[in-house]
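This report concerns only the one structure given below.
Reckoned from all heavy atoms, side chains included, excluding hydrogens, waters and symmetry mates. Below, chain A is the first sequence line, B the second, and so on; all start at residue 1.
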Amino acid sequence: MSVRVRFAPSPTGYLHIGSARTALFNYLFARNTGGKFLLRIEDTDLARSTDESTRSIIDGLAWLGFAPDEEIVFQSANADKHREAANRLLAEGKAYRDFTPKEAAGDGSVKEAIKQRAREQGADKNMRDNPYRELSVVESDTRAANGEPFAIRLKVPESGRTAFDDQVYGIQERDYADTEDLVLLRSDGHPLYNLAVVCDDIEMGITHVIRGQDHLTNTHKQILIYEALGVAPPTFAHLPLIMAPNKGKLSKRKHGEVVSMTTYRDAGFLAEAFRNFLALLGWSAGEEKEIYSMQELIEKFSLDGIHRSNAIFNFHPDDPRKWTDDKAIWMNAEYIRTMPLAQLLPHVRTELKANKLWREEYDEAGTSPYDGGVDAASADGVVLPREIGSYEWYLHTVDLIRQRFFTLNDFSSQGRAYFSEDFDFDPAAVAKNLTKFPELREWLPELADRFEAEFQAETRPVGSVPLGGSRSLAYTEENIETVVKAFTEEKGTKLGVIMNGARTLLTGTAVGPSMLSVFEVIGHDRAVMRLRSQVAWN
RNA sequence: GUCCGGUUCGUCUAGGGGUUAGGACACCGCCCUUUCACGGCGGCAACACGGGUUCGAAUCCCGUACCGGAUACCA
């Protein structure tokens, strides 16, 4: 029998990080086994489900790259079938009508109320004490016919136990005495979760149910329903939960944006990096490897590698640099700096376009006699003459600056100065590298003069035949180093002071690639202009 | 309360009777770049506790503690 799994979120919010991982594991399992990955929106709770949420979940899934193999199933569309199943069980005597009036819906702290009630009932609670459980069929039918409202509850047998072999947690057993006569159909006629899930999983031909561990006890109830329906249950595999740093529940209310998938998309994460990170949260291939391509993940994934203990999603709300899990940030940076440049380019393009930093030239290969494409531009040690703003220059620049970036957004924020004259100065960088050394206010413009005196102007591309006399040096890293060092010695200061000051003036930041490369990539003319600029000082 | 589950460095984890308990992130230090959040090298740091079983337990069993989940006419 070929594998069929489903990811079944309820559309009551955005795509949560835990749900995203559940989707990932289902997806990986399906691909690994050559099965189908399906999507079912569990919108049984009409009051809480929203279209907006459904859309956001589908968007999040699309971003992560998990396209369902069949059409999306909306659970609410199957309500009739669920009702039918409940009525059948009623007719067969496997369920009964409960005429107990519905309790007024609690507000807010339903969870607490339930806990409280359960505590009060203690261990003495008899799950079979519903007065309507043994009501005669005649009386039940009569009362129903008279229009008296009722819920339909499953008639759990007096004695026995449910059991299943969870693929992660092992054999799970539970005495019937610990399971209530669960409601199948509400008094308003709407089916409840456990019934709906079972019916839909049967109808969709689901072979493996892979979901959060919070459903472990639901599984016993669902097995009871499978048994009543006379259908063999699927295989179950429950996943450990992802918790907040205090081991508490990770929720939007308490933790905000960090738990939403769209946050990562918007923050400039690469889907492949985030997937990789998610895969390692609660699963391991049992080897000392961290970076996995999707293909490797698919090949190596197995239910055996899933953990039984909850994982903490570690983040520090107070530290802007660690607003989300360290490892996720590191992994994204790792992907950005090591993935093939050609794969990164489309993302950078999107980022630059969105920030009006894009030039058509960056798109066009083959416009320069020096054009060697992506490979040549990223080859070590090969210095190709390149014109500022050209395609080759662009490739080289992206390849250079990505080394210290963490997110795609960095290309337009920290990297803005490479693509535009209109960039901001990081106040911390200004304080640390400029105002701390007031002499620089004189020195840096002097350095600009020196550049002008020593180097060929931009219009004469690097590598062309030098002019005689002064202004003869090619604007290369090597020559820049010579000039800057000489200048430093004249001023009797440390190279770092000049370099850091120049970095801040040239790029607005305190960090980046080797400063010699920065000089070179920014280009002679812009470097001179920026070294003279006084705006950062004011 | 009851039922179920879990517990290896701060975090993610490897390891499932004999290991100097391994890796990654973070952190710290050194080196590189007479500059930085790259890179290289190194360091700090863990088997919850108590009993068993065993020649030997992080690994197996029991108990305790702690954490989590469930206990709805929510999903």
Side-chain angles (χ1 to χ4, degrees), chain A residues 8-12 42-45 47-49 75 98 100 102-103 105-106 110-111 113-115 117-125 149-153 166 169-170 172-175 177-180 182-188 190 192-194 196-197 212-218 220 238 240-241 243 245 247-249 277 280-291 307-315 321-322 325-331 333 337 402-406 414 429 432-433 485 488 494-503 509-516:
Chain A
S10 58
T12 53
E42 310 229 310
D43 52 354
T44 310
D45 187 342
R48 293 198 300 154
S49 301
Q75 189 158 68
D98 180 0
T100 311
K102 186 186 178 210
E103 278 183 51
V110 214
K111 212 92 183 172
I114 289 164
K115 211 169 177 177
R117 192 201 310 164
R119 232 193 313 271
E120 282 160 10
Q121 289 169 338
D124 311 329
K125 168 72 174 162
F150 60 87
I152 295 181
R153 303 188 96 108
D166 191 273
Y169 289 95
Q172 299 292 310
E173 291 180 295
R174 186 168 157 112
D175 204 286
D178 294 321
T179 302
E180 66 187 327
L182 58 145
V183 173
L184 266 17
L185 213 59
R186 295 196 258 214
S187 49
D188 64 5
H190 285 296
L192 252 83
Y193 173 73
N194 284 305
V197 167
Q213 184 244 67
D214 48 337
H215 287 288
L216 214 40
T217 44
N218 274 331
H220 290 281
H238 287 87
L241 270 20
M243 315 301 289
K247 293 181 192 277
K249 203 166 193 166
F277 167 75
L280 264 21
L281 220 49
W283 173 81
S284 159
E287 57 187 5
E288 289 176 357
K289 182 174 156 81
E290 307 277 337
I291 305 294
H307 274 219
R308 276 161 290 274
S309 56
N310 295 340
I312 290 175
F313 184 64
N314 203 17
F315 59 94
R321 269 176 61 184
K322 298 186 175 186
D325 198 290
D326 280 337
K327 203 153 188 173
I329 295 174
W330 166 77
M331 199 165 281
R337 72 174 85 99
R402 67 169 167 159
Q403 294 310 322
R404 312 265 167 132
F405 284 173
F406 291 97
Q414 290 193 51
K432 184 182 165 211
N433 297 334
K485 273 185 177 171
T488 303
K494 287 193 292 184
L495 185 64
V497 174
I498 301 295
M499 288 298 201
N500 284 330
R503 180 189 296 288
T509 67
V511 297
S514 153
M515 208 31 219
L516 296 171

Flag the pair [X] / [Y] as yes when at least one side-chain heavy-atom distance between them is below 4.5 Å, and no otherwise.
X        : Y        : value
A/Leu280 : A/Met331 : yes
A/Pro245 : A/Phe315 : yes
A/Arg186 : A/Leu192 : yes
A/Ile152 : A/Val183 : no

If you measure from the [atom1] atom in [N] to the same atom in [M], how many Å do you get, rounded?
N     : M     : atom1 : value
B/C62 : B/U7  : P     : 14 Å
B/A45 : B/C9  : C1'   : 5 Å
B/U64 : B/C28 : C1'   : 38 Å
B/C25 : B/G68 : P     : 30 Å
B/C47 : B/G5  : P     : 26 Å
B/G51 : B/C67 : C1'   : 22 Å
B/G42 : B/G6  : C1'   : 35 Å
B/C38 : B/A21 : C1'   : 32 Å

For [N], which nucleotide is its Watson-Crick or G-U wobble mate, given both distances must be under 3.5 Å?
N     : result
B/G68 : B/C4
B/A58 : none
B/A24 : B/U11
B/U34 : none
B/G29 : B/C41
B/C49 : B/G63
B/G16 : none

Nearest to the side chain of [X], which nucleotide is it out of [options]?
X        : options             : answer
A/Val511 : B/G68, B/A37, B/A75 : B/A37
A/Tyr169 : B/U35, B/U13, B/G5  : B/G5
A/Gln213 : B/C73, B/A14, B/G5  : B/G5
A/Gln172 : B/G5, B/U2, B/C73   : B/G5
A/Ser309 : B/A70, B/A72, B/U7  : B/U7
A/Lys102 : B/C12, B/C74, B/U34 : B/C74
A/Arg308 : B/C12, B/G6, B/A75  : B/G6
A/Arg404 : B/C73, B/A75, B/A37 : B/A37

Rounded to whole angstroms, how far apart are [atom1] on [X] and [atom2] on [N]?
X        : N     : atom1 : atom2 : result
A/Asp214 : B/U71 : CG    : C1'   : 13 Å
A/His238 : B/C4  : NE2   : C1'   : 11 Å
A/Trp283 : B/A14 : CH2   : C1'   : 13 Å
A/Gln403 : B/C36 : CD    : C1'   : 14 Å
A/Ile312 : B/G10 : CD1   : C1'   : 10 Å
A/Ile114 : B/C74 : CD1   : C1'   : 8 Å
A/Phe313 : B/G10 : CZ    : C1'   : 16 Å
A/Asn310 : B/C12 : CG    : C1'   : 13 Å

Give one of base, sugar-phosphate or nothing for [X], where a contact means two heavy atoms less than 4.0 Å apart.
X        : result
A/Gly512 : base
A/Gly212 : nothing
A/Lys247 : sugar-phosphate
A/Met243 : sugar-phosphate
A/Asp175 : nothing
A/Thr100 : base
A/Ser514 : base
A/Leu495 : base

Check whether [X] reaches the backbone of [Y] with its side chain - one donor and one acceptor, N or O, closer than 3.5 Å.
X        : Y        : result
A/Ser284 : A/Gly286 : yes
A/Asn433 : A/Val497 : no
A/Asp178 : A/Arg174 : no
A/Asp98  : A/Arg153 : no
A/Asn310 : A/Pro240 : no
A/Lys289 : A/Ile291 : yes

OP1, OP2 of [N] versus side-chain N and O of [X]: anything below 4.0 Å?
X        : N     : answer
A/Arg337 : B/G39 : yes
A/Thr217 : B/C4  : no
A/Arg174 : B/A70 : no

Would you give a per-nucleotide map of nucleotides 18-30 of chain B, 5' to 3', where B means the base has a protein non-hydrogen atom under 4.0 Å away, S means only the sugar-phosphate does, and - means neither?
-> ----BBBSSS---

Counting only distance, no hydrogens or angles, is the base of [N] paired donor-acceptor with the side chain of [X] under 3.5 Å?
X        : N     : value
A/Arg48  : B/C74 : yes
A/Asn194 : B/A75 : no
A/Ser187 : B/C73 : yes

Closer to the 5' end of RNA chain B via nearest nucleotide, is it A/Phe150 or A/Glu173?
-> A/Glu173

Test of ring centre spacing under 6.0 Å for A/His215 and A/Tyr193 = yes

Pair A/Thr509-A/Gln414, side-chain donor/acceptor within less than 3.5 Å | no

